[in-house]
Amino acid sequence: GAEPSPAAADSPTELTLPPQSFHMDFTEDGLVKEFGFYTVDRRQGNTGGLGGAFGYFYGVGKPLPIRECQPYKPSFRFRMLGLIGKIGKKLSKGKN
């Protein structure tokens with residue numbers, strides 16, 4: 001959801017986190033074993049697809065200096081595989 005952002009020259013005036021799905025895992029005794037969340041659609045919002053605290057820090061212009069706290073960027077290999085797939089799809093349409 002949208003939250004007011006601390007004043008920073010290059011940060012948005014309002015943070016909009018992407019939608020997130022929360023989950024809880026329980027022990028056999030019914031105690032909470034794990035509480036977590038997953039970003040459902042990283043294309044939404046203005047925090048680089050990051051949710052939770054990572055999204056907050058990125059959104060206010062102070063991302064944490066580790067790779068997991070940066071917006072998702074497909075690897076070169078993954079982008080090339082996607083390109084090969086698109087080219088193959090276009091070539092197969094031309095044969096029909």
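Since we're looking at a predicted model, the values are computed, not measured. Numbers for residues simply follow the sequence, beginning at 1.
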* Asked: Between atom CG of Asp41 and atom OG of Ser21, what is the distance when rounded to the nearest 0.5 Å?
  -> 12.5 Å
* Under 3.5 Å donor-acceptor, Asp25 side chain and Glu34 backbone -> no
* Asked: Can you tell me if CZ on Phe78 sees more than 12 non-hydrogen neighbours from other groups inside 6.0 Å?
  -> no
* Asked: Is the shortest heavy-atom distance from the side chain of Pro63 to the side chain of Phe57 under 4.5 Å?
  -> no
* Asked: Under the 4.5 Å side-chain heavy-atom rule for ILVMFWY, direct or indirect, which residues accompany Leu31?
  -> none
* Taking atom CD1 of Ile87 and atom CE of Met80, what is their separation to the nearest 0.5 Å? -> 8.5 Å
* **Partners passing side chain to side chain contact (heavy atoms under 4.5 Å, CB included) against Ile84 (at least two apart in sequence or in another chain)** => none
* Can you find a heavy atom in the side chain of Val40 that is under 4.5 Å from one in the side chain of Pro18? -> no
* Asked: Just wondering, do His23 and Tyr38 contact through their side chains at under 4.5 Å, heavy atoms?
  -> yes
* Contact check, side chains of Arg79 and Lys73, non-hydrogen atoms, under 4.5 Å -> yes
* Structure fact -> Distance col, row Leu50:CG vs Leu17:CG, nearest 0.5 angstrom, shows 9.5 Å
* Asked: Is a donor on one side and an acceptor on the other found under 3.5 Å between the side chain of Arg42 and the backbone of Gly48?
  -> no
* Asked: Under 6.0 Å from the CZ atom of Phe35, do we count more than 12 heavy atoms belonging to anything else shown?
  -> yes
* **Minimum side-chain heavy-atom gap Thr47-Tyr56 below 4.5 Å** => no
* Check for a donor-acceptor pair, side chain of Gln70 on one end and backbone N or O of Leu64 on the other, with a separation under 3.5 Å. => yes
* Asked: Shortest non-hydrogen contact from Asn46 to Glu14?
  -> ND2-O, 2.8 Å
